[in-house]
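One structure is given here, and the rest of the page talks about it.
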Amino acid sequence: MNPFNRQTLNLVLAGFLLNFASIGCISAQTDNNNSSVETKEPSADYKPAFIGQTRIKAVKTQTPIDVSVLNSKLENPWGISILPNGGFLISQKAGTMVILAADGKLSKKITGLPEVDPSGQGGLLDVTLDPDFAKNRMIYWAFSEPQSKGVLLAIAKGKLSANESKIENQTIIYRASPAYNGKLQYGSRIVFDKNGNLFVSTGERSGSDIRIQAQYLNSSLGKIIHITPEGKAVANGPFAGKADAKPEIYAYGLRNPDGLAINPQTGALWEAEFGPKGGDEVNIIKPGKNYGWPIITYGTEYSGKKVGDGIQQKDGMEQPVYYWNPSISPGCIAFYNGNNISEWKGNLFVGALGGSHIIRLIIDKDKIVGEERLLENKGERFRDMAEGKDGALYAVTDNGNLYRIAKK
């Protein structure tokens with residue numbers, strides 16, 4: 001081989017090796033960009049049913065964000081609703097509600113509500129405004145009601161007085177039976193559908209002796225309930241006319257559905273479920289469907305033992321759209337549909353309790369395609385969230401703080 005050809009060959013070979021190395025670098029960057037925000041080992045070595053069901057790729061908000069605390073003196077806030085004037089109606093676990101102005105300053109404290117059992121996970125829980133609140137001033141709330149044979153989740157309604165100091169004509173419209181002596185897992189989120197009827201989430205109350213009632217159609221526990229403002233079953237529900245079934249049941253097989261929201265872009269009902277040890281879920285709730293608890297789950301008992309037969313899939317039972325293992329303990333969900341932070345539009349936000357952060361999930365055709373964790377440095381248990389009139393995201397925490405999260 002003459003020197004010219006050898007030199008040419010060496011240059012070609014060097015170029016090939018450089019290109020190969022560059023490809024390797026690009027691949028490494030791509031793999032890194034596709035890594036999950038979750039770095040801890042799962043508490044159970046169960047395999048997902050499909051790609052993207054858990055540990056989806058990490059994403060990061062590009063818009064500069066401003067985080068501020070508007071109020072730090074709330075008393076175990078549980079539910080938050082945005083008033084027409086941009087203020088806040090907030091329920092507090094011990095049995096009171098407060099009204100805050102849009103700047104977070106206390107305006108009114110409302111007492112005189114029905115007795116609650118605030119022990120454990122009970123108390124005054126979710127609070128929601130009637131869709132026609134601006135005209136009728138009606139509000140709806142959930143609470144743990146003491147009974148002679150235990151405690152149950154009750155749904156009540158009443159009219160906020162003109163001076164905002166009390167709730168008038170209070171009426172309990174629904175009770176999730178049976179009552180139970182346990183103090184855990186009430187569910188309790190309330191969401192209005194497009195027709196002005198209520199979706200209510202109910203927990204299965206945790207005990208190993210009662211959790212199977214999530215599978216029973218003659219029990220209100222572990223369900224999504226669909227009722228009218230008067231507390232009656234919405235007509236033509238999936239179990240209407242079925243023997244030994246409560247006609248108000250819309251979906252079943254749920255553990256502790258602490259998050260409930262309607263996707264404003266599709267109209268679909270989404271739910272976040274507080275799982276056992278691991279197995280926290282996000283589901284799209286469809287009429288008549290069985291979501292599997294306690295038959296299937298991606299979690300384990302807190303002891304580490306299998307739940308039931310330790311299976312994750314079964315015919316006739318729905319798979320979660322997404323799940324976390326280890327647990328993040330979802331306490332609430334909210335869709336963001338505003339324009340303040342345009343890249344968040346259509347995203348689902350999940351308030352993590354044990355995880356102490358807010359999760360942002362990007363959705364594409366009802367699939368989760370990206371996950372981000374926000375406010376991880378705050379050390380807060382995020383109990384409820386709502387999008388404000390100003391397009392900011394507001395969140396209340398167990399420590400008594402009201403956060404405002406908005407574009408800088």
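Computed from a predicted structure; not experimentally measured. For the single chain, residues carry numbers from 1 onward in sequence order. Hydrogens, waters and symmetry mates play no part in the numbers below; they use all other heavy atoms, side chains included.
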Next on the checklist: If you compare all heavy atoms of Lys183 against all heavy atoms of Ser119, which two are closest, and at what distance to 0.1 Å?
Outcome noted: CD-OG, 3.2 Å
Item to check | Over all atoms of both residues, closest heavy-atom pair of Gly299 and Tyr46 | outcome: O-CE1, 3.7 Å
Item to check | Value rounded to 0.5 Å, distance of NZ in Lys105 from CG in Asn71 | outcome: 11.0 Å
Item to check | Pairing of Glu248 and Lys232 as salt bridge, 4.0 angstrom limit | outcome: no
Next on the checklist: Suppose the criterion is salt bridge (Lys or Arg N to Asp or Glu O under 4.0 Å): which pairs have a residue in residues 269-289, not counting sequence neighbours?
Outcome noted: none
Checklist entry - Hey, are Asp398 and Lys93 close enough for a salt bridge, meaning a charged N less than 4.0 Å from a carboxylate O? => result no
Next on the checklist: Run Ser356 and Glu380 through side-chain hydrogen bond (donor to acceptor under 3.5 Å, both in side chains) and show every step you take.
Outcome noted: CA-CA 5 Å; Ser356 300; Glu380 296 269 23; over 6 Å; no
Checklist entry - After noting the C-alpha distance and the side-chain angles of Ile56 and Val37, does the key distance pass the side chain to side chain contact (heavy atoms under 4.5 Å, CB included) rule? => result CA-CA 8 Å; Ile56 200 66; Val37 294; over 6 Å; no
Item to check | Residue pair Phe143, Tyr186: steps toward the ring pair (Phe, Tyr, Trp, His ring centres under 6.0 Å) verdict | outcome: CA-CA 9 Å; Phe143 67 102; Tyr186 292 92; over 10 Å; no
Item to check | Closest non-hydrogen atom pair between Ala179 and Leu152, with its separation | outcome: CA-CB, 4.0 Å
Next on the checklist: Does this structure show an ion pair linking Asp130 with Lys135, if we count only N-O contacts that are shorter than 4.0 Å?
Outcome noted: no
Checklist entry - Quick one: CZ on Phe88 to CG on Leu106, what's the gap to the nearest 0.5 Å? => result 13.0 Å
Checklist entry - Hey, is the main chain of Ser303 close enough, under 3.5 Å, to the side chain of Glu301 for a donor-acceptor pair? => result no
Checklist entry - Taking atom types as modelled, is there a side-chain donor on Ser188 or Asp126 under 3.5 Å from an acceptor on the other? => result no
Checklist entry - With sequence neighbours left out, which residue pairs that include part of residues 165-182 fulfil the salt bridge (Lys or Arg N to Asp or Glu O under 4.0 Å) condition? => result Glu145-Arg175
Checklist entry - So, for Lys223 and Gln215, which heavy atoms are closest and what is the spacing to 0.1 Å? => result NZ-N, 4.5 Å
Next on the checklist: Check Glu343 with Lys407, please: is the shortest side-chain N to carboxylate O separation under 4.0 Å?
Outcome noted: no
Next on the checklist: For Gln312 and Thr297: C-alpha separation, side-chain torsions, deciding distance, then whether side-chain hydrogen bond (donor to acceptor under 3.5 Å, both in side chains) applies.
Outcome noted: CA-CA 5 Å; Gln312 293 73 56; Thr297 178; over 6 Å; no
Checklist entry - Which word best sums up how the rings of Tyr298 and Tyr323 line up, parallel for under 30°, tilted for 30 to 60°, or perpendicular for over 60°? => result parallel
Checklist entry - Using 30° and 60° as the class limits, which term best fits the ring planes of Phe199 and His226: parallel, tilted or perpendicular? => result parallel
